[in-house]
Amino acid sequence: MAAAAVPVPQGPLVVGVDSSTQSTKALVVDSATGEVVARGQAPHTVGGGSDGTGKESVPEQWWEALTEALRQCGTPAREAAAISVGGQQHGLVTLDAAGRSVRPALLWNDVRSAPQRDRLIEELGGPKAWAERVGSVPAPAFTVTKWAWLRENEPEAARATAAVRLPHDYLTERLTGYGTTDRGDASGTGWWASGTESYDEEILDRVGLSPELLPRVLRHGEAAGTVRELPDLPLPTGALVATGTGDNMAAALGLGLRPGQPVLSLGTSGTVYAVSAHRPTDPTGVVAGFADTRDAWLPLACTLNCTLAVDRIATLLGRDREAVEPGGSAVLLPFLDGERTPHLPHASGLLHGLRHDTTPGQVLQAAYDGAVFALLTALDQVLDADAAPDAPLLLIGGGAKGTAWRETVRRLSGRPVRVPRAEELVALGAAAQAAGLALGEDPAAVARRWSTAEGPSYGPVPRDEAAMERHSQVLASADGLLRHS
């Protein structure tokens with residue numbers, strides 16, 4: 001029997017990269033149709049640092065993983081016209097004068113810099129001043145707090161640093177030879193001011209970082225350069241390299257979001273965000289005032305406890321994750337790792353309202369309710385006048401595939417829900433950015449042409465106001481306990 005014919009691409013091939021905490025993925029995409037014609041993935045490791053409490057990775061491993069992922073893509077990668085890298089946000093990459101890493105990168109989930117974060121907020125005018133200036137009240141995840149930690153705890157490493165990069169910047173520079181970044185990823189550093197869209201020299205001076213060590217911030221539609229001739233890199237020399245961006249910005253681009261379209265992402269952590277025409281400045285710190293990849297904004301809130309926390313409750317109960325039961329009065333706040341939203345870093349999980357007739361399935365449903373309650377409360381602060389109150393929630397991430405997650409979101413939000421069929425949205429967003437550069441088009445329009453946000457839709461159901469109010473009351477009443485657990 002003859003082999004099936006391989007479809008001929010209708011447009012130039014482009015590569016989208018997702019360099020995440022644990023691995024790097026590469027997709028080769030037909031820019032005309034959005035069809036994924038090849039894919040590859042390679043892992044990298046995360047260590048705990050010298051004292052075991054941190055989260056660190058060696059940047060050179062990211063490059064090796066990218067090269068391997070591209071190699072797995074085969075011939076299509078060698079025919080690509082453009083490439084773009086989406087990467088984990090906030091990481092601190094320190095390079096010496098030869099471009100080698102001075103030490104392993106401090107990752108987004110390394111929070112050893114919490115004391116430096118608290119001090120910086122106080123020294124520079126408090127939360128409101130930071131929000132107005134930078135767009136966000138820095139969390140210990142932000143790069144500026146990590147650099148302050150490095151200078152205090154490893155001064156020799158700080159002195160040896162000739163360049164400071166974010167993870168996606170590092171990979172882009174390895175491709176092109178030039179130090180560049182984009183406004184989206186830069187907006188998560190804490191030293192890029194959203195009010196002026198430039199590096200804030202007072203903040204940099206405060207933490208002892210010269211702006212000469214930072215990459216140039218490219219504007220929407222600019223090229224970072226072209227792929228230079230590198231041995232063993234399975235990409236064509238001279239292919240265009242787009243700006244790249246952070247993973248959340250790439251996922252938003254991958255969905256082709258218009259202003260006001262809310263997204264709820266269910267992963268190990270949960271996020272809610274929407275593109276906005278208005279610059280966010282939330283002094284409470286709940287909403288991070290990120291920029292998007294283009295010329296708008298991406299207000300975003302993040303919870304630490306989502307699918308992994310609920311799965312842990314299911315395991316403790318000895319139940320399948322889908323084995324939920326309705327009813328009951330139990331409230332379970334699954335803050336197993338402390339919580340970022342609400343800001344309760346020392347909290348642990350809390351269960352309230354057990355009765356003789358409470359069933360294990362009702363307790364498990366309460367865990368889902370507690371996680372979704374935290375996300376929806378944050379979503380109310382993320383959305384602004386651009387958002388219609390009945391706009392469907394786009395549900396993405398691993399949890400979006402679960403019936404219990406989807407139905408809990410519907411019941412507690414009262415909104416219609418749509419579950420996009422497209423997966424690997426960070427890599428697809430990077431591919432759309434590469435396609436936009438290659439074709440001279442708006443990358444968000446490219447993603448919409450690819451129909452990445454299309455998928456099954458589920459109509460609204462009446463909002464469970466009683467459950468939302470029950471959670472609000474328990475959270476308020478237990479505030480002191482949660483702050484000191």
Counting heavy atoms not belonging to [X], are there more than 12 under 6.0 Å from its [atom1]?
| X | atom1 | value |
| --- | --- | --- |
| H220 | NE2 | yes |
| E423 | CD | no |
| E122 | CD | no |

With the threshold set at 4.0 Å, does a side-chain nitrogen-carboxylate oxygen contact exist between R119 and E152?
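Result for this pair is yes, salt bridge flagged.
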
Salt-bridge contact R112-D110 (side-chain N to carboxylate O under 4.0 Å):
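Yes, this pair counts.
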
Would you say the side chain of [Y] lies within less than 4.5 Å of the side chain of [X], judging by non-hydrogen atoms?
| X | Y | value |
| --- | --- | --- |
| L332 | P334 | yes |
| I203 | V134 | yes |
| S113 | P140 | yes |
| W147 | L106 | no |
| F373 | T377 | yes |
| L209 | T161 | no |
| P259 | S276 | no |
| S413 | V372 | no |

Heavy-atom closest contact ([X] atom, [Y] atom, distance):
| X | Y | result |
| --- | --- | --- |
| G260 | L383 | O-CD2, 4.5 Å |
| R279 | A131 | NH1-O, 4.3 Å |
| F335 | P342 | CZ-CD, 4.1 Å |
| A366 | A330 | CB-O, 3.7 Å |
| Y368 | E322 | OH-N, 4.4 Å |
| A447 | L253 | CB-O, 3.2 Å |

Can you find a side-chain donor-acceptor pair between [X] and [Y] that sits under 3.5 Å?
| X | Y | result |
| --- | --- | --- |
| Q365 | T408 | yes |
| T21 | W108 | yes |
| H278 | D384 | no |
| T24 | S19 | yes |
| S20 | D18 | no |

If only atom types and distance count, is the side chain of [X] paired as donor or acceptor with the main-chain N or O of [Y] below 3.5 Å?
| X | Y | answer |
| --- | --- | --- |
| Q261 | P392 | yes |
| S136 | G289 | yes |
| K146 | L107 | yes |
| T293 | M249 | no |
| R410 | G459 | yes |
| N305 | D337 | yes |
| T358 | R355 | yes |
| T189 | D185 | no |
| Q88 | P167 | no |
| S265 | G270 | no |

Nearest 0.5 Å please: distance from the [atom1] atom of [X] over to the [atom2] atom of [Y].
| X | Y | atom1 | atom2 | value |
| --- | --- | --- | --- | --- |
| Q116 | E123 | CD | CD | 10.5 Å |
| L27 | Q41 | CG | CD | 9.5 Å |
| L412 | E465 | CG | CD | 9.5 Å |
| T94 | R165 | OG1 | CZ | 11.0 Å |
| L171 | S84 | CG | OG | 11.0 Å |
| Q72 | R39 | CD | CZ | 11.5 Å |

What residues form a side chain to side chain donor-acceptor pair (under 3.5 Å) with Q22, not counting sequence neighbours?
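Listed in chain order: nothing, the list is empty.
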
Answer yes or no on whether R183 is positioned over the face of W297, meaning its NZ or CZ is under 6.0 Å from the six-membered ring centre and within 45° of the axis.
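Positive - R183 is close enough to the ring of W297 and near enough to its axis.
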
Fit a plane to each ring of F290 and H90, take the angle between them on a 0 to 90° scale, and name the class: parallel (under 30°), tilted (30 to 60°) or perpendicular (over 60°).
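Tilted.
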
Checking side chain to side chain contact (heavy atoms under 4.5 Å, CB included) for the pair V93/W62: CA distance, chi angles, key distance, verdict?
CA-CA 12 Å; V93 180; W62 305 337; 3.7 Å; yes

Step by step, would you call L92 with V164 a side chain to side chain contact (heavy atoms under 4.5 Å, CB included)?
CA-CA 7 Å; L92 176 67; V164 170; 3.7 Å; yes

Going through the distances and angles, do T181 and H168 end up as a side chain to side chain contact (heavy atoms under 4.5 Å, CB included)?
CA-CA 8 Å; T181 190; H168 111 259; 3.6 Å; yes

Worked verdict on Q381 versus T284 for side chain to side chain contact (heavy atoms under 4.5 Å, CB included):
CA-CA 10 Å; Q381 294 176 256; T284 71; 3.8 Å; yes

